[in-house]
Amino acid sequence: MIVTICGSMKFFDQMLQVAADETAKGNIVLAPFSVVAPEDQQGEFKAMLDRLHFAKIDMSEQIVVVTNQHGYIGDSTRREMGYALSRGKSMDVREFELPEPTPYTPAP
């Protein structure tokens with residue numbers, strides 16, 4: 001089976017774990033590997049990466065959505081999920097228990 005991993009790049013380490021797990025099951029794994037800075041989210045490079053990821057979804061039988069214990073799903077992942085479901089792809093959600101980020105406290 002071919003699977004595509006979807007999720008926020010803040011969960012990249014967890015995506016690598018899912019990729020390893022899926023590969024160990026004998027599946028072919030497609031995943032995102034480029035990070036786009038917040039200020040460049042509306043640029044052509046991001047649009048090209050989105051098109052590429054949708055093409056990966058088209059090649060897959062299933063998407064695997066990686067999230068945290070709070071079920072965080074960003075806008076891009078939500079679009080990918082909708083796209084996959086509209087194409088009849090099955091979906092598996094993998095939730096990871098992650099430590100809470102330390103809140104930023106500005107220096108006095």
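Computed from a prediction, not measured in an experiment: that's the story for all the values here.
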Dump the intermediate steps for side chain to side chain contact (heavy atoms under 4.5 Å, CB included) on V65 and R94, then the final yes or no. CA-CA 6 Å; V65 178; R94 305 280 174 85; over 6 Å; no
Applying side chain to side chain contact (heavy atoms under 4.5 Å, CB included) to M81 and M91, what does each step give before you reach the verdict? CA-CA 8 Å; M81 292 167 67; M91 182 170 46; 3.6 Å; yes
Please determine whether side chain to side chain contact (heavy atoms under 4.5 Å, CB included) holds for the pair R51 and L49, giving the CA-CA distance in whole Å, both sets of side-chain angles, and the decisive distance to 0.1 Å. CA-CA 5 Å; R51 290 189 300 272; L49 291 176; over 6 Å; no
Audit row: R87, D58, side chain to side chain contact (heavy atoms under 4.5 Å, CB included) steps and yes/no: CA-CA 8 Å; R87 300 295 190 273; D58 286 336; 4.0 Å; yes
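Taking Q69 as the reference, E95, E97, L98, E100 meet the side chain to side chain contact (heavy atoms under 4.5 Å, CB included) condition, with sequence neighbours excluded. K56 pairs by the side chain to side chain contact (heavy atoms under 4.5 Å, CB included) definition with T4, L30, L52, H53, not counting sequence neighbours. Contacts of D21 classified as salt bridge (Lys or Arg N to Asp or Glu O under 4.0 Å), with partners at least two apart in sequence or in another chain: none. Applying the side-chain hydrogen bond (donor to acceptor under 3.5 Å, both in side chains) rule to N68 yields no partners; only residues at least two apart in sequence or on another chain are considered.
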Can you list, pair by pair, the side-chain donor-acceptor contacts under 3.5 Å of residues 5-16, counting residues two or more places apart and other chains?
residue: S8; atom: OG; partner: K10; partner atom: N; Å: 3.1

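A continuous path of ILVMFWY side-chain contacts below 4.5 Å connects F33 to V64, so both sit in one hydrophobic cluster. Using a 4.5 Å cut-off between side-chain heavy atoms of Ile, Leu, Val, Met, Phe, Trp and Tyr, with links allowed through other members, V93 and I57 fall into the same hydrophobic cluster. A continuous path of Ile, Leu, Val, Met, Phe, Trp and Tyr side chains, each step under 4.5 Å between heavy atoms, connects I73 with L85, placing both in one hydrophobic cluster.
Pairs passing the salt bridge (Lys or Arg N to Asp or Glu O under 4.0 Å) check and including a residue from residues 70-85, sequence neighbours excluded, do not occur. A ring pair (Phe, Tyr, Trp, His ring centres under 6.0 Å) check over residues 81-100, counting only residues at least two apart or in different chains, returns the pairs F54-Y83.
For E22 (side chain) and N27 (main-chain N/O), no donor-acceptor pair under 3.5 Å exists by modelled atom type.
Residues V3 and S60 fail the side-chain proximity criterion, which asks for heavy atoms closer than 4.5 Å.
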